[in-house]
Amino acid sequence: MAVTLSALPLFSAQAQQAAAPATEEELPTVTVEGENSPDNTLEGTTGISRLPGRIQDIPQVVQVINQQTMQEQGVTTLEQALRNVPGVTVGIGEGGGGMNGDQFRIRGFQSKGDVYINGLRDFGVYVRDSFAYESIEVFKGPSSESFGAGTTGGAINSTLKQAHIGDKYDFEGQFGTGPLYRGVFDINKQLDETTAFRIVGMVNEQDVADRDHVESNRYGLMADLGFGLGTDQTLHLNYLYQNGSRTPDYGVPILTPRFGDAVRYGSLGKPVTEWGVPRTNFYGKVTDHDDTEANMFTANYKREVNDWLTITNDSRVGYYTRDFATSVPGCANTPSNVTNPTPEQYEGTCTGQFFAGGNPSIAFGGGNPGFDQTSWSGQNVTTAIAKFNTGFLRHEVVGGFDMYFVNDERTLISVNGSKGTSPIWNPVYGNTTGYFLYPNPLGNNGQRESTATDFGAFVSDRIWLTDQLSVLGGIRYDSYSADYSFWCVGTTCLNGTNSWTNAQSTTQFSSPKASVIWEPTSNQTYYASWARSYSPQGMFPTNDITVVNPTQNNLQPEENETYELGFKVSTPDGRLGFTGALFRVDKSNAFYVDPNTFDTVETGENQRVQGVELGVTGNITAAWVIQAGYAYYDSEIMTSTTADYIGNEVPFVSENNITLWTTYELTKDVLSQLPGKLLVGGGITYASEYFTNSANTAIIPESFSLDALVSYEYENYRIAVNAYNLTDELNYSAGWGNRAVPSSGRTFTLTVGATF
C-alpha cells in the first residue's frame with residue numbers, strides 16, 4: 001500500500017524543524033501493551049488517527065472501557081463491556097430486519113450502523129466477542145464530522161490489540177454457570193528491533209444461564225503484524241476472524257391489559273415474566289439458528305513526516321456471511337383485523353385469556369423467519385494532521401478523505417407448514433408438526449440486493465487564541481448513494497408484471513461542528529460544543545433487508561443536532577479524573593424500516609433528549625481504583641403525525657442510569673505481608689424503566705445488578721472469581737415494541753490464567 005501526499009505551509013508558518021533521524025546507537029521507543037489505557041482514562045488516547053490527543057482534549061463526552069476493567073469483570077462480548085456506559089441500551093430488532101444481537105442505542109437513539117473497529121466501520125451483523133479488544137470507546141452525541149453518516153446518539157469504537165516490542169505469552173481459561181467454557185490465548189513475539197507478530201485466539205461454548213435452549217458458541221482468531229514499531233513510520237497488518245453459532249433469543253411477549261384487566265393490573269404493557277411466567281421460558285423453536293462468519297483485513301499506516309506533520313492511512317476489506325432463522329413470539333390483545341375490540345372480543349385474545357387464568361398459545365410473527373446473507377465491504381480513510389503557527393496563532397489541522405462501499409445479498413427463508421401452537425406457560429420447543437424451512441426462489445419475491453457508496457471529505461482546525469483559550473471548527477461533506485433491488489410479484493410491480501424492481505436514494509450533506517475550549521491548566525478542560533449529523537435513507541444495507549422504499553425515493557435524511565456544555569478535570573497528579581456535561585440532542589425527520597413490508601416509513605416525529613452526564617475514573621488511592629458514571633435523561637416527542645404522541649417520552653430512553661466498578665488491592669496496605677496481588681472489587685449497574693414505543697403504552701422495567709470480584713495473582717499466575725447479579729434480580733438485557741429478553745439471574749465464573 002502506497003500513500004503519497006505533499007504538504008507545504010501556505011502561510012509564513014512557524015513550523016518546527018523536523019527531528020533528526022535516529023542513529024544506529026539510538027534505541028527505538030518501546031511500545032508497552034496497554035499504555036493507552038491508564039486508570040484515569042482521561043489521560044489515554046482514542047487510537048483513532050483523525051482524533052488526536054488525549055481523551056481529555058476532546059470536547060464531547062467520551063467514555064472508555066479499558067483492558068484492565070474488561071479483564072477484572074470477565075467481559076466476553078462488546079455488549080457486556082458497554083454495560084459500563086450509562087445510557088447504552090440493547091434492542092432486539094425485528095425478524096425482517098434481522099438485527100438480533102449487537103443492536104445498540106445511545107441516549108435512546110439507534111446506533112446499529114455506528115459500530116467501529118480501529119476507527120473504521122464494522123458492517124457485519126453478529127455478536128462481537130471482545131477477545132481481540134484492547135479498549136472500547138463510546139463517543140456520545142452526533143459525531144458525523146469525525147465518523148460520517150449516522151451517530152445520532154454517538155459512536156462505538158473498539159481498539160484492537162496490536163503487536164508490540166517484547167515477547168509475551170498469555171493463556172486464560174474461564175468456567176461458569178450456564179455452563180460456560182471459554183479459553184483465550186494471546187501470544188506476542190518480537191521478530192527484530194522494530195518488528196513483532198501477535199496472535200490471539202478464542203473459543204467460547206456457552207448455554208445462557210436461566211434461558212432454556214439458548215446457546216452462544218463462538219471461536220475466533222486475530223493476527224497482527226507490526227512493522228517499524230518505535231519509529232516514525234509504522235504499519236500494522238491485521239486479520240480478524242470470528243465464527244458464531246448461537247440461538248437468536250427474541251425474548252418473551254409484552255402483555256398490555258385492556259378493559260377490566262387494565263383496571264386490575266394497570267394499563268401499561270409489561271413482559272409476561274412480570275406476571276409470574278418463569279424467565280427461563282424460551283418461545284423459539286428447534287430450527288432457530290444464527291450462524292455467522294466475519295472476516296476483516298485491516299491495514300493501519302502512520303508516518304510522522306516531521307514534528308509538525310503526520311500522515312495516516314487506514315484501510316479495511318470485510319466479508320461476512322449469515323444463515324439466520326428465528327421465531328418471534330407475540331400475545332395480542334386485539335383480534336386480527338379489529339381496531340377497537342369489544343370486551344367480549346378482548347376476552348378471546350391471547351392477553352385476555354392469560355389474565356383470565358388460562359394458558360393461551362403465543363403467535364409466531366415478526367416478518368420473514370430468516371434469510372441467507374452474504375456481505376462485503378471496503379473502506380479507506382486517509383488523514384493528515386498538521387501542527388503549525390501563523391503569527392501568534394497555534395493550529396492543529398486535521399483533514400482527509402473517507403470512502404467506502406458495501407454490498408449485501410439475501411435470500412429470504414419461508415416456512416413450509418405450520419410451527420403449531422406453543423402455550424405461554426409451557427412453550428413447545430420441538431418440531432411437532434413436521435414443518436421445514438426453505439429458501440424463496442427467484443420468482444417468489446425472495447431475493448434482495450442492497451448497495452451503498454459514500455465519499456466523504458473532512459477538515460477541522462483547532463486554533464489557540466491564547467495558551468489557554470482555543471476554538472475548534474470542522475466540517476465534513478458526504479455524497480451518499482444507496483441502491484436496492486428486489487424481485488417484485490403482483491400487480492403493484494412495474495407494468496403490472498413480475499419483474500426486478502430497483503429503487504435508489506442519493507443525497508449530499510455537510511456535517512459541521514464547533515467548540516470553544518478553555519484549558520486554564522493541562523489537567524483542566526472546559527468546553528461548549530455544537531454539532532450536526534445526518535442519517536440518510538438506506539445507510540444500513542447489512543442491517544435491514546431493505547434500505548429504500550421504492551415509492552419514497554430520495555427521502556430527506558434524518559437530521560440530528562447537539563448542544564453540549566462540559567468539563568474534564570483531573571487531579572494535579574493525573575491519577576483521578578472527573579467529567580460532567582449538560583447536553584441536548586434534537587432529531588428531526590425520523591424514519592424506520594417496517595419489519596413486515598420492508599418499506600422505509602417516515603414517522604413525522606421530531607425527538608429531543610437532554611440531560612446531564614457525570615463521571616469519575618482513576619485512582620482514589622494507590623490501592624483503590626474507581627470507574628463510575630451517572631446519566632439523567634429527559635426526553636420528549638416534539639412533533640408527530642399522531643397527535644396523541646406529542647409530549648410523550650422518546651422510546652428506549654431510561655431516565656436514570658448508574659454504573660459503578662471499583663477495586664481495592666489489599667496487598668498494597670492491609671495485607672502487605674502477603675506475597676502477590678490480592679484484589680477485591682464490586683460494582684452496580686442500574687437503569688430505570690423505559691418505554692418501548694412512541695405511544696408510551698409498554699415498558700421495560702428498571703434493572704439492577706450487583707456484581708463482585710475476588711482475584712489473586714502470584715508471579716506468573718492469576719485466579720479470579722466473579723459473581724454477577726448477586727441479588728438475583730429479574731432484569732432485561734434487551735427490548736423492542738412488544739418483546740423483552742430476560743437476562744440471567746445470579747451467576748458465577750472462575751478464571752485461571754498464566755502469563756510468561
Side-chain angles (χ1 to χ4, degrees), residues 30-39 65-77 80-81 129-135 160-190 196-206 218-224 619 621-625 627 661-683 707-724 726 747-756:
V30 176
T31 301
V32 181
E33 179 188 8
E35 67 177 355
N36 290 329
S37 300
D39 291 329
I65 308 102
N66 59 24
Q67 180 65 208
Q68 177 177 316
T69 298
M70 287 191 284
Q71 184 184 65
E72 291 172 351
Q73 294 180 350
V75 164
T76 62
T77 65
Q80 289 177 349
D129 197 287
S130 59
F131 78 100
Y133 295 165
E134 186 68 35
S135 64
L160 293 177
K161 296 176 179 179
Q162 290 186 326
H164 57 83
I165 297 299
D167 294 347
K168 186 177 182 182
Y169 309 91
D170 190 87
F171 305 90
E172 185 175 273
Q174 193 175 54
F175 313 91
T177 50
L180 162 69
Y181 306 100
R182 179 180 175 87
V184 177
F185 70 84
D186 185 350
I187 298 174
N188 189 89
K189 179 65 178 177
Q190 182 174 343
F197 178 72
R198 187 171 185 176
I199 184 169
V200 186
M202 170 276 302
V203 60
N204 188 99
E205 298 287 332
Q206 180 179 10
R218 303 180 296 275
Y219 61 88
L221 185 73
M222 187 213 75
D224 186 87
N619 292 82
T621 68
W624 188 4
V625 179
Q627 180 172 324
W661 181 253
T662 183
T663 60
Y664 198 92
E665 188 176 339
L666 294 172
T667 42
K668 279 193 173 180
D669 46 27
V670 179
L671 300 174
S672 58
Q673 302 303 313
L674 182 70
K677 176 181 176 181
L678 179 61
L679 192 73
V680 295
D707 307 327
L709 160 73
V710 178
S711 73
Y712 181 65
E713 296 180 32
Y714 181 71
E715 294 182 347
N716 301 102
Y717 304 96
R718 174 179 181 265
I719 185 170
V721 176
N722 286 84
Y724 308 95
L726 279 168
T747 56
F748 300 90
T749 62
L750 170 68
T751 304
V752 292
T755 302
F756 303 96

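FYI, the numbering just counts along the sequence from 1.
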If I compare all heavy atoms of Gln162 with all of Asn188, which pair ends up nearest, and what's the gap? O-OD1, 4.2 Å

Hey, is Asp170 close enough to Lys161 for a salt bridge, meaning N to O under 4.0 Å? no

Give a yes or no on whether the backbone of Tyr133 and the side-chain of Gln67 come within a donor-acceptor separation of less than 3.5 Å. yes

Is it the case that over 12 heavy atoms from other parts of the model lie below 6.0 angstrom from the OH atom of Tyr169? yes

CH2 of Trp661 to CD of Gln627: how many Å apart, nearest 0.5 Å? 10.5 Å

Between Glu72 and Gln68, a side-chain donor and acceptor under 3.5 Å: yes

State, with a plain yes or no, whether a side-chain heavy atom of Ile187 is found less than 4.5 Å away from one of Phe185. yes

What heavy-atom pair brings Asp167 and Gln190 nearest, and what distance separates the two atoms? OD1-N, 2.8 Å

Which heavy atom in Tyr712 sits nearest to a heavy atom in Pro675, and how many Å separate them? OH-O, 2.6 Å

Return yes if a side-chain donor-acceptor contact under 3.5 Å exists between Ser135 and Asn66, otherwise no. no

Report the C-alpha separation of Arg182 and Arg218 in whole Å, then their side-chain angles, then the decisive distance to 0.1 Å, and conclude whether the side-chain contact (heavy atoms from CB on, under 4.5 Å) test is met. CA-CA 9 Å; Arg182 179 180 175 87; Arg218 303 180 296 275; 3.8 Å; yes

Determine whether a donor-acceptor pair (N or O, by modelled atom type, separation under 3.5 Å) exists between the side chain of Thr749 and the backbone of Phe175. no

Is the Phe756 ring parallel, tilted or perpendicular to the Phe171 ring (thresholds 30°, 60°)? tilted

For Thr755 and Asn716, indicate whether the former's side chain and the latter's backbone hold a donor-acceptor pair under 3.5 Å. no

Return yes if some donor-acceptor pair links the side-chain N/O of Asp224 with the main-chain N/O of Ala163 below 3.5 Å, else return no. yes

With rounding to the nearest 0.5 angstrom, report the CD to CZ distance, Gln71 to Arg718. 4.0 Å

For Thr667 and Leu674, indicate whether the former's side chain and the latter's backbone hold a donor-acceptor pair under 3.5 Å. no

State whether Lys168 and Asp186 are salt-bridged, where the test is any N-O pair (Lys NZ or Arg NE/NH1/NH2 against Asp/Glu carboxylate O) under 4.0 Å. no

Can you tell me how far apart CE (Met202) and OG1 (Thr76) are? Round to the nearest 0.5 Å. 9.0 Å

For Leu221 against Phe131, the heavy-atom pair lying closest together: N-CZ, 3.5 Å

Check: Gln80 main-chain N/O paired with Thr77 side-chain donor or acceptor under 3.5 Å: yes

Under 4.5 Å between any side-chain heavy atoms of Asn619 and Trp624, yes or no? no

How many angstroms lie between atom CG of Leu678 and atom CD of Glu713, to the nearest 0.5 angstrom? 10.0 Å

For the pair Thr747 (side chain) and Thr177 (backbone), establish whether a donor and an acceptor sit closer than 3.5 Å, ignoring hydrogens and angles. no

Evaluate side-chain contact (heavy atoms from CB on, under 4.5 Å) for Tyr219 paired with Glu205, printing each intermediate quantity in order. CA-CA 9 Å; Tyr219 61 88; Glu205 298 287 332; over 6 Å; no

N/O donor-acceptor pair under 3.5 Å between Asp707 side chain and Asn722 backbone: no

Do Thr663 and Thr69 have side chains that approach each other closer than 4.5 Å (heavy atoms only, starting at C-beta)? no

Assess the side chains of Asp669 and Tyr664: does a donor N or O sit below 3.5 Å from an acceptor N or O? yes

Can you tell me if Tyr724 uses its side chain to pair, donor with acceptor, with the backbone of Gln73 under 3.5 Å? yes

